Amino acid sequence: MCGIAGFLSADPAAAAPVAPVRRMMAALAHRGPDAAGEWAAGPAVLGHRRLSIIDLSPEANQPIANEDGSVVCVANGEVYGAAALRRDLVARGHAFRSRSDSEVIVHLYEERGPECVHALRGMFAFAVWDGRRRRLLVARDRAGEKPLYYAARREGLYFASELPALLAGLGDVPGLDLAAIDCYLTLQYVPAPLTAFAGVAKLPAAHLIELAPGEAPRPRRYWRLRFAPGPRVGARDAVAEVRALLDEAVALRLEADVPLGAFLSGGLDSSTVVALMARHATGPVRTFSIELRGLDVGEVQYARLVAQRYHTEHHELVVAPDMVAILPELVRRYGEPFADASAVPTYYLARLTRRHVTVALSGDGGDEAFAGYTRYGLEALARALRRLPWSAGTLAGAALARLPAAGRRRRLVGEFGAHLGLPLADRYPYLLGHFTRRDKRDLLGPALRAAALERPVGALFDRLLAESDAADPVNLLLDLDTQTYLPDDILTKVDIASMAHALEVRAPFCDHVLLERLAAMPGRLKLRGMRGKHLLRLAVRDLVPAPIIHRRKQGFGLPLDRWLREELAGMARDLLTDDTARGRGLVDPRGVARLLAEHRAGVDHGDRLWNLLILELWCREVAEARPVPETPVAAHAGRGR
């Protein structure tokens, strides 16, 4: 796990400047505290910050090249099963100087060119400069565990592992992308390829870019998760197959030359990972749980059941987060508006875990693989109601919409009922986000209101749903979520929160071999009635304590309502109503004042105010901030000028 950065000049005859890459490397130092390196030749510059995981020797430092230096690579992430790939490449005549999985990418590229991505199983974002062909290849893993941002400017192409680092390389802060801001208000995150900045993009998961100096970047998808039905399989065979694939995915992720552990929330996904780790570990598994003080959700007691059953070396931490201090820091680290409030406990959990280990396995991706979210059941209910005669369906939707808004879950059901008549691409976002169309009409300033009318989320969802080959409604939603919510919310949250503490997190549920097999299985094996993860529960019922098998999904139910009446009340009032916020014009001051007043009076607008507060903090901390000053970076010996 590392940080990468680079620049490709638009002028093929130019010697590319090193300074922008050094600025990006300085901004990525937290991702790679163990070593730093840079390489430059002709129009290309590559930079790397290393967190040593496999082969801790200096020979594995990056940038890393082939035998004659004509192919150079910087990589972030891990390639699982690299030893087998290395043996095959050695048999083909390639010479290795290390056990690094990144060096495997170099020689695979020599053999296969850009198609080398198909041989890689794991999480990665990498860049390869081919000196003979004078072409740059950048690629991102299939599930989107590792991020990559880029910007094409007149002078050339910049890329980096994190958005704040990319901005440091650009030397300025671009203008806002209002369509992306509207997407954020709808989804709580900005979906790829958009970022909150005009002219800056995310490389989507399972995409690559190959280009020469002066060419425009054209992302190309190299892999797609196919949901078309596979061979018919009975429930018993499906359970056995899923169990074997999960076991393999976990075992592959246990290779490390540094201490390794696991996040343990007490939910089904992380409990499954820990149970399978215990089958392969030679000693006690190290597990880590966190509880926010004053938040009574009972998660820790379930984590203890797993820790006791498998005799793990268990660590718990009770945290009383200083929300006023932590929010600006988190906003700066994410680099664009990101309102998934579970980023707060994830950040603290990563900090606790890094005190003991360098690598942690997580249960991320289990909900998208096995249909674990409540919204899948609600959408199934929507389909049933829409099949009723018009009058009955309308009455049912109206009844749901009139439920008292006491708590986010009940309000979510109410919003679901109110938007029952919309097409799926417009209905589904209301099971994800914070704002209705009416909210936007009342809250947004004129420029953002115009962007909202273009329905950027609806257009994106329309396209993805139309492209899907899913044969049933459950798999259709899983296809949509694995391309949007999983990479752009869940995996982004974990990557930024963990790498802030130089902690590598590996997600077995994101293994593409497992995902491919699950995608070909019918949705009825995953969702039964309103309850998800049916197949997973069957596959691990002998491994996971029964109370966890049978409990409903909990997650971090954070007290946004209380926080915005107490700890964050002053910050929200001051930032959302002062002259700076009013002068920006993104939101209507009267609408914001109404939300604040109603919230003080007892109406729960916690999630909406949280969303607006994060947006305002981001404007101040990032969008209107000065560029990061250049900091010298020591480089290890490498080929270049």
Side-chain angles (χ1 to χ4, degrees), residues 183 186-189 191 225 227-229 340 365-390 392-403 405 407-437 455 457-486 488-490 515 518-519 521-537 552-555 607:
C183 289
T186 301
L187 299 173
Q188 307 175 66
Y189 63 88
L225 192 57
F227 284 83
D340 186 336
D367 288 305
E368 293 79 9
F370 289 95
Y373 294 123
T374 303
R375 58 180 178 263
Y376 301 135
L378 286 173
E379 181 51 38
L381 177 60
R383 293 191 301 276
L385 292 176
R386 285 165 65 89
R387 287 194 294 268
L388 294 173
W390 180 84
T394 301
L395 287 173
L400 289 169
R402 289 191 177 92
L403 285 173
R408 186 179 186 278
R409 184 181 293 268
R410 184 169 291 180
R411 187 176 68 75
L412 181 144
V413 175
E415 297 293 354
F416 155 79
H419 298 92
L420 196 60
L422 295 177
L424 179 58
D426 292 308
R427 181 173 73 244
Y428 192 56
Y430 292 108
L431 297 179
L432 300 167
H434 295 160
F435 295 98
T436 66
R437 286 195 229 184
R455 56 184 293 274
V457 171
L460 171 65
F461 282 17
D462 271 335
R463 177 176 62 81
L464 295 177
L465 291 168
E467 293 172 352
S468 177
D469 59 358
D472 65 67
V474 174
N475 279 335
L476 183 64
L477 294 183
L478 295 180
D479 193 355
L480 180 63
D481 276 352
T482 53
Q483 294 185 73
T484 54
Y485 187 72
L486 177 62
D488 296 328
D489 185 307
I490 299 299
L515 291 176
L518 283 169
M521 293 181 180
R524 60 180 168 76
L525 289 178
K526 304 163 193 174
L527 183 72
R528 285 291 178 95
M530 296 285 288
R531 195 176 193 210
K533 296 185 182 174
H534 176 69
L535 182 56
L536 178 61
R537 294 176 203 276
R552 291 188 175 275
K553 180 176 175 61
Q554 187 73 45
D607 50 7

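Just so you know, residue 1 is the first one in the sequence shown, and it goes up from there. This structure is a prediction, so every number in the text was calculated from the model and none was measured.
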Is there a side-chain contact between Tyr428 and Leu465, using heavy atoms and a 4.5 Å cut-off? no
Residue list, side chain to side chain donor-acceptor pair (under 3.5 Å) with Gln483, at least two apart or on another chain: Arg221, Asp479
State, to 0.1 Å, how close Leu478 and Ala369 come at their nearest heavy-atom pair, and which atoms those are. CD1-O, 4.2 Å
Side-chain contact, heavy-atom cut-off 4.5 Å: Asp481 with Tyr376? yes
Measure across Gly458 and Ala425 and return the closest heavy-atom pair with its distance rounded to 0.1 Å. O-CB, 3.8 Å
For the residue pair Ile490 and Glu368, what are the closest heavy atoms and their distance? CG1-OE2, 3.7 Å
Of all heavy-atom pairs between Arg383 and Val474, which one has the smallest distance, and what is that distance? NH2-CG2, 4.4 Å
Check whether any side-chain heavy atom of Leu424 sits under 4.5 Å from a side-chain heavy atom of Leu477, and report yes or no. yes
Is there side-chain contact between Phe461 and Leu480, with at least one heavy-atom pair below 4.5 Å? yes
What closest approach, in Å, do Pro429 and Thr186 show between heavy atoms, and which atom pair accounts for it? CB-CG2, 3.7 Å
Does any non-hydrogen side-chain atom of Phe370 lie less than 4.5 Å from one of His534? no
Do Thr484 and Leu187 come close enough that some side-chain heavy atom pair is under 4.5 Å? no
Flag, side chain of Arg537 to backbone of Gly532, donor-acceptor distance under 3.5 Å: yes
Ignoring hydrogens and angles, tell me if any N or O in the side chain of Asp472 forms a donor-acceptor pair with the backbone of Gly523 under 3.5 Å. yes
Looking at Ala371 and Lys526, what are the two nearest heavy atoms and their distance? CB-CB, 3.9 Å
